[in-house]
Engineer: 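Pasting in a structure now, in C-alpha cells, and then I'll have a few things to ask.
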Amino acid sequence: MIYPKIPLAQSIIQICLAKGITDIVISPGSRNAPLTIGFASNPDFKCYSIADERCAAFFALGIAQQIQRPVAVVCTSGSALLNYYPAVAEAFYSQIPLIVISADRPQSKIDIGDGQTIRQENVFANHSLYNANLTEEASKTNDHKINEAIDAAFYKKGPVHINAPFEEPLYETVSELSVDAMVHHFAGLNPIAPVDDLTDFAAIWNQSAKKLVLVGNNNPNLISAATIEAFANDESVVVMTETTSNLHHPGFISNIDTIITPFTNEDFEDFCPDILVTFGGMIVSKRIKAFLRKYKPTQHWHIDSLRAYDTFGILTKHFEANPNTFFANFLPLTIAVKSDYFEKMNQIKSIRKEKQAAFLNKVPFSDFSVFDAIIKSLPQESQLQISNSAAIRYAQLIAIDASIEVFCNRGTSGIDGSTSTAIGAAVANNKPTVFITGDVSFLYDSNALWNNYIPNNFKIILVNNGGGGIFRILPGHAETPVFNTFFETSHSLTSEHLAKMYGFEYIIANDETTLQNGLKQLFAQNNQAAILEVFTPTLENDAVLKQFFNELV
C-alpha cells in the first residue's frame with residue numbers, strides 16, 4: 001500500500017476510512033497531493049476526478065443526496081476552495097451531509113504574498129456545521145477535530161469543513177503508516193430523543209375541523225403507508241404535496257398552484273386551516289406561502305428532527321422527531337372529527353383537473369405543453385432530477401407517476417449546479433435518471449458534462465426558450481432592451497456542439513410531432529447518454545401560462 005509521507009494526511013485518510021467516508025471527489029491540484037495520493041492509492045475508497053471545483057462539489061452533493069451518507073470533496077489551496085461555496089450552501093439548507101477537505105499553506109505563509117494563498121480558515125462559517133482548522137503536525141487535537149467534523153456531517157446532516165495545512169515536499173510516499181490516528185466511535189453520539197408528550201396537542205387536533213398537512217421536499221419512502229392512509233381517510237384533513245415531496249395518494253393535492261391561484265378572498269378565508277402541519281424541506285409554491293402568511297392558521301406545527309424554519313411567520317411548535325416516528329405516536333391519540341374540509345377541496349380538485357385537461361387539449365406548443373408531455377412520458381421506476389426556476393415551477397402543475405422519485409436543489413433554489421447534482425445522483429443510484437432543465441441553467445453549469453462517470457442511461461431534456469423564461473412569468477416583465485438583456489439574458493445558443501464534444505447523443509424537437517418522436521427515441525436506448533433539446537417559443541410561453549390560470553375559474 002502507498003501512503004503519503006505527511007502524517008497529517010495519513011490521519012485524515014485513516015479517520016475517513018474508519019468512519020465510512022469512502023466516496024471521495026477530488027479536483028486536481030498540487031497542495032492537495034498528499035490527500036490525493038492517499039485516497040486514490042487505497043482501493044477501499046471510491047474516488048472521482050472532477051476538474052471544476054464548483055461542479056465537483058455539486059456532483060458530490062448528488063451522490064450524498066442518494067446514499068444519505070457524507071461524501072468528501074478534496075481540493076487544493078486558494079480560490080479552488082471558494083468554488084465549493086454554492087454547493088456548501090445548498091447542502092446546508094437541504095440538510096445533505098458533505099465534507100469539504102481543503103489543502104492549505106502553513107499559517108506562516110498566509111497574507112505574506114505567497115502564491116495561491118487565501119484566508120481559508122472558517123471560510124464557510126456562515127453555512128457549515130463544523131470547521132476543523134488543523135495544524136501542520138499530526139496530533140490528538142487534530143484527530144479530535146477531524147472526528148468531530150465527520151460526526152457533525154453524519155448526525156446534523158449538512159456540510160463541514162476540514163482545512164489541512166501542508167508544507168512541501170508534497171509528493172513523497174511511504175509504504176507504512178507512521179501515525180495511528182485516533183478514531184471516535186459513533187455509538188451513543190446521537191441518542192434518539194423521546195417524542196414529546198402529545199396529549200395536549202392531540203386534544204387541539206381533536207377539536208379542529210380543518211387541518212392542512214403541507215409536505216415540502218422529502219426523501220422517497222419516508223412516510224409509512226399507515227400514516228398516508230390515516231390522513232387520506234380523515235375528512236377533516238387536506239394533504240397538499242409538492243412534486244419534490246415524493247408522497248403520493250389519490251386523495252392528496254399535488255398541484256397546489258392549480259388549486260389555489262383562482263381563489264377569491266372568501267375562498268382563502270374558507271380554506272384557511274385551524275392547524276397547519278408541515279414536514280420536509282423548502283416549499284416551492286410562492287402562492288401557498290403568500291396565502292399562509294396572510295390568512296394565518298391558529299396553530300403551525302413543524303416536524304423535523306433537526307430544524308424548524310418559521311416560513312410563514314406563525315410557527316407555534318417544533319416537534320424534534322422524524323415525521324414517521326411522530327405520526328406513529330400521535331395518530332393513535334386522534335379521533336375522527338365531523339368536517340366537510342376535505343370534501344370541499346376534493347370537489348375543487350376535480351373541477352380544476354377537468355379544466356386543466358381541456359386547456360391542454362387546445363394549448364399551442366409551448367413550455368406548458370412540453371412539460372406536460374415530458375412528465376407524462378417518463379418511464380416508471382425512474383428518477384427525475386429537475387433544475388430550478390421555470391422548470392420546477394412547471395413541474396409543480398403536472399401530476400407525476402408515484403413510482404418516480406423526484407429531486408431538486410431547493411435548499412438555495414439556485415441554478416448553478418443542477419446538472420452536476422443530477423449527474424452525481426445518476427452515478428450513485430441504479431435507476432435510469434432523467435434531468436429536466438432550462439437553457440440558462442444548463443449553459444451556466446455546462447462544465448458538468450466534463451465528467452468521465454456519466455452513466456449511459458442518463459438523459460437530459462433541455463427546454464430551450466431562448467433565455468430566462470422564469471422572468472417572463474414573474475411580476476415586472478416588460479418587453480424592453482433592459483429586460484431582454486439583463487433579466488431574461490436572451491440568446492440563440494444550443495447544446496448541439498456541447499453534446500458532440502462530450503459524447504452525448506443529440507436529439508432535437510420543435511413541435512408536438514418531433515417532441516413525441518424525440519421522447520420515444522430518448523427512452524428507447526440506454527447505450528449512450530443523451531440530450532433532447534426542445535425549442536419553445538420565447539414570446540408565447542408566459543401568455544399561455546397566464547391564460548391557463550385565467551381559465552381555471
Engineer: Answer yes if the side chains of Tyr309 and Asp304 hold a donor-acceptor pair under 3.5 Å, and no otherwise.
Structural biologist: no

Engineer: Applying salt bridge (charged side-chain N to carboxylate O under 4.0 Å, His left out) as the test, list every pair that has at least one member in residues 202-221; sequence neighbours left out.
Structural biologist: none

Engineer: Does any N or O in the side chain of Glu90 come within less than 3.5 Å of the main-chain N or O of Gly411, such that one atom is a donor and the other an acceptor?
Structural biologist: yes

Engineer: How about Phe407 and Phe435: are their ring centres within less than 6.0 Å of each other?
Structural biologist: no

Engineer: Could you tell me which residues satisfy salt bridge (Lys or Arg N to Asp or Glu O under 4.0 Å) with Asp143, sequence neighbours excluded, listed by chain and number?
Structural biologist: none

Engineer: Are the side chains of Val370 and Asp372 in touch, meaning some heavy atoms are under 4.5 Å apart?
Structural biologist: no

Engineer: Can you name the residues that form a side chain to side chain contact (heavy atoms under 4.5 Å, CB included) with Glu266, not counting sequence neighbours?
Structural biologist: Thr264

Engineer: Can a donor-acceptor pair be found between the side chains of Asn218 and Ser245 at a distance below 3.5 Å?
Structural biologist: no

Engineer: Quick test of your reading: applying side-chain hydrogen bond (donor to acceptor under 3.5 Å, both in side chains), list the pairs with at least one residue in residues 337-348, sequence neighbours left out, ordered by first then second residue.
Structural biologist: Asp270-Lys344, Glu343-Gln347

Engineer: Table please: side-chain donor-acceptor pairs of residues 250-262 below 3.5 Å, with sequence neighbours left out.
Structural biologist:
from	atom 1	to	atom 2	distance (Å)
Asp257	OD1	Ser285	OG	2.5
Thr261	OG1	Asp257	O	2.5
Thr261	OG1	Arg287	NE	2.8

Engineer: Verify, without hydrogens or angle tests, whether Asn447 (side chain) and Asp52 (backbone) share a donor-acceptor contact under 3.5 angstrom.
Structural biologist: no

Engineer: Is it the case that the side chain of Thr316 and the backbone of His300 share a donor-acceptor pair, with hydrogens and angles ignored and the cut-off at 3.5 Å?
Structural biologist: yes

Engineer: Any ring pair (Phe, Tyr, Trp, His ring centres under 6.0 Å) involving residues 200-226? Give me the pairs, sequence neighbours left out, ordered by first then second residue.
Structural biologist: Phe201-Trp301, Phe201-Phe319, Trp205-Phe330

Engineer: Has Arg352 got its NZ or CZ under 6.0 Å from the middle of the six-membered ring of Phe549, at an angle within 45 degrees of the ring axis?
Structural biologist: no

Engineer: Sub-3.5 Å donor-acceptor pair from the side chain of Ser441 to the main-chain atoms of Thr437, do we have one?
Structural biologist: no

Engineer: Just checking Lys353: does its NZ atom have more than 12 heavy atoms from other residues, nucleotides or ligands closer to it than 6.0 angstrom?
Structural biologist: no

Engineer: For the backbone of Ile404 and the side chain of Gln383, can you confirm whether one donor and one acceptor N or O come within less than 3.5 Å of each other?
Structural biologist: no

Engineer: Would you find more than 12 non-hydrogen atoms of other residues, nucleotides or ligands less than 6.0 Å from Phe326 atom CZ?
Structural biologist: yes

Engineer: Please identify each residue that fulfils salt bridge (Lys or Arg N to Asp or Glu O under 4.0 Å) with Lys431, with sequence neighbours left out.
Structural biologist: Glu405

Engineer: Please round to the nearest 0.5 Å and tell me the distance separating atom CG of Asn388 and atom OG1 of Thr412.
Structural biologist: 7.0 Å

Engineer: Around atom NZ of Lys145, are there more than 12 heavy atoms from other residues, nucleotides or ligands closer than 6.0 Å?
Structural biologist: yes

Engineer: Is a side-chain N or O of Ser94 found less than 3.5 angstrom from the main chain of Ala91, in a donor-acceptor match?
Structural biologist: no

Engineer: Answer whether the closest heavy-atom distance between the side chains of Phe312 and Thr278 falls below 4.5 Å.
Structural biologist: yes

Engineer: In a check of ring-ring contact (aromatic ring centres under 6.0 Å, His included) between Phe548 and each of Phe371, Phe368, Tyr394, which one passes?
Structural biologist: Phe368

Engineer: Nearest 0.5 Å, what's the SG-CG distance between Cys272 and Leu292?
Structural biologist: 7.5 Å

Engineer: Which residue pairs pass the salt bridge (charged side-chain N to carboxylate O under 4.0 Å, His left out) test with at least one member in residues 309-318, sequence neighbours excluded?
Structural biologist: Asp196-Lys317

Engineer: Who passes salt bridge (Lys or Arg N to Asp or Glu O under 4.0 Å) against Asp23, sequence neighbours left out?
Structural biologist: Arg69

Engineer: Just grab all the side-chain hydrogen bond (donor to acceptor under 3.5 Å, both in side chains) pairs involving residues 226-235, residues at least two apart or on different chains.
Structural biologist: Ser224-Thr227, Glu229-His249, Asp234-Ser236

Engineer: So, Asn147 side chain and His184 main chain: donor-acceptor pair closer than 3.5 Å or not?
Structural biologist: yes

Engineer: Within this structure, what is the CZ-CD1 distance for the pair Phe327 and Ile228, rounded to the nearest 0.5 Å?
Structural biologist: 10.5 Å

Engineer: Any side-chain donor-acceptor pair under 3.5 Å between His248 and Thr241?
Structural biologist: no

Engineer: Mind checking ring-ring contact (aromatic ring centres under 6.0 Å, His included) for His302 and listing every partner two or more places apart, or none if nothing turns up?
Structural biologist: none

Engineer: Could you tell me whether the side chain of Gln120 and the main chain of Gly78 form a donor-acceptor pair under 3.5 Å?
Structural biologist: yes

Engineer: Taking atom types as modelled and ignoring hydrogens, do the side chains of Ser102 and Asn163 form a donor-acceptor contact shorter than 3.5 angstrom?
Structural biologist: yes

Engineer: Mind checking whether Leu81 and His161 have side chains closer than 4.5 Å, heavy atoms only?
Structural biologist: yes

Engineer: Mind checking the OG1-CE spacing from Thr311 to Met282? Nearest 0.5 Å is all I need.
Structural biologist: 7.0 Å

Engineer: With distance as the sole test, does Lys289 use its side chain to make a donor-acceptor pair with the main-chain N or O of Ile283 at under 3.5 Å?
Structural biologist: yes

Engineer: When you check the side-chain N and O atoms of Asn133 and Asn122, is any donor under 3.5 Å from an acceptor?
Structural biologist: yes

Engineer: Decide yes or no for Val215 and Glu242: does some side-chain heavy atom of the first lie under 4.5 Å from some side-chain heavy atom of the second?
Structural biologist: no

Engineer: With Ser27, which residues qualify under side chain to side chain contact (heavy atoms under 4.5 Å, CB included), at least two apart?
Structural biologist: Glu53, Ala56, Tyr84

Engineer: Flag the pair Val123 / Leu82 as yes when at least one side-chain heavy-atom distance between them is below 4.5 Å, and no otherwise.
Structural biologist: yes

Engineer: Classify the side-chain pair Asp445/Ser420 by whether it contains a donor and acceptor separated by less than 3.5 Å.
Structural biologist: yes

Engineer: Compare all side-chain heavy atoms of Ile275 with those of Leu212 and state whether any distance is below 4.5 angstrom.
Structural biologist: no

Engineer: Does the side chain of Val544 come within less than 4.5 Å of Asp367's, by heavy atoms?
Structural biologist: no

Engineer: In the structure I gave you, are the side-chain heavy atoms of Asn541 and Ser366 within less than 4.5 Å of one another anywhere?
Structural biologist: yes

Engineer: In plain terms, say whether Lys376 and Asp401 are close enough for a salt bridge, that is, a side-chain N and a carboxylate O under 4.0 Å apart.
Structural biologist: no

Engineer: Atom CG in Leu378, atom OG in Ser403: separation rounded to 0.5 Å?
Structural biologist: 9.5 Å

Engineer: Is the backbone N or O of Ala321 less than 3.5 Å from a side-chain atom of Thr325, with the two atoms forming a donor-acceptor pair by type?
Structural biologist: no

